[in-house]
Amino acid sequence: DVQLQASGGGLVQPGGSLRLSCVVSGFTFDNYAIAWFRQAPGKEREGVSCISKSDGRIWYDDSVEGRFAISRDTAKNTVHLQMNSLKPEDTAVYYCAGGIVAGDDFWRLASIYDDWGQGTQVTVSS
């Protein structure tokens with residue numbers, strides 16, 4: 001079975017930076033993808049970013065594009081989410097998720113992911 005472990009959250013001031021990490025253990029197919037989701041109190045879980053293992057495709061939600069960067073460390077089997085210029089509205093629990101993403105229209109659908117990490121809290125506040 002695939003297991004995901006998210007880490008790296010914390011408290012940061014507006015404009016600051018954090019780097020989240022998702023360690024992937026267990027076998028994954030070549031078309032496996034890792035996504036970052038976040039959920040703020042009272043809101044639905046929403047897709048933040050996604051990276052494909054097979055072809056290197058990357059997706060970002062409009063709210064974070066230009067500020068966040070997703071990357072893959074193949075040797076360590078780890079996906080990172082570098083978060084810069086953080087805003088208070090970025091405050092949420094961040095989850096990494098894994099599964100098969102068929103195309104551009106599917107990555108932000110939480111229901112397609114079979115594997116989920118435990119989440120890590122990101123708080124942006126002065």
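One-based numbering along the sequence shown.
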Looking at [atom1] of [X] and [atom2] of [Y], how far apart are the two atoms once the value is rounded to the nearest 0.5 Å?
X	Y	atom1	atom2	value
Q3	Q5	CD	CD	7.0 Å
L20	I70	CG	CD1	10.0 Å
D90	S125	CG	OG	12.5 Å
S49	W107	OG	CH2	6.0 Å
R72	I51	CZ	CD1	6.5 Å
Q82	R67	CD	CZ	12.0 Å

Heavy-atom distance under 4.5 Å between the side chains of [X] and [Y], does that happen here?
X	Y	result
W36	V79	yes
W59	V101	yes
L18	V122	yes
L4	D115	yes
V93	R38	no
D30	Y32	no
R19	L81	no
D104	R57	yes

Between Y94 and F68, what is the ring plane arrangement, given parallel below 30°, perpendicular above 60°, and tilted in between?
tilted
Short side-chain to backbone donor-acceptor contact, [X] and [Y], under 3.5 Å:
X	Y	value
E46	Q39	no
T91	V124	yes
K53	T28	yes
T78	K76	yes
Y60	C50	no
T123	L11	no
N84	S17	no

Go through the side-chain N and O atoms of H80 and S21 and say whether any donor and acceptor fall under 3.5 Å apart.
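H80 vs S21: donor-acceptor pair found between side chains.
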Within 45° of the axis and under 6.0 Å from the centre of the six-membered ring of Y95, does NZ or CZ of R45 qualify?
yes
Membership question, hydrophobic clusters at under 4.5 Å side-chain separation (ILVMFWY): are [Y] and [X] in the same one?
X	Y	answer
I34	I100	yes
F29	V2	no
I58	V24	yes

Please check if atom CD in E89 has more than 12 non-hydrogen atoms from other residues, nucleotides or ligands closer than 6.0 Å.
yes
Write down the atom of Y113, the atom of A33, and the distance for their closest heavy-atom approach.
CE2-O, 4.4 Å
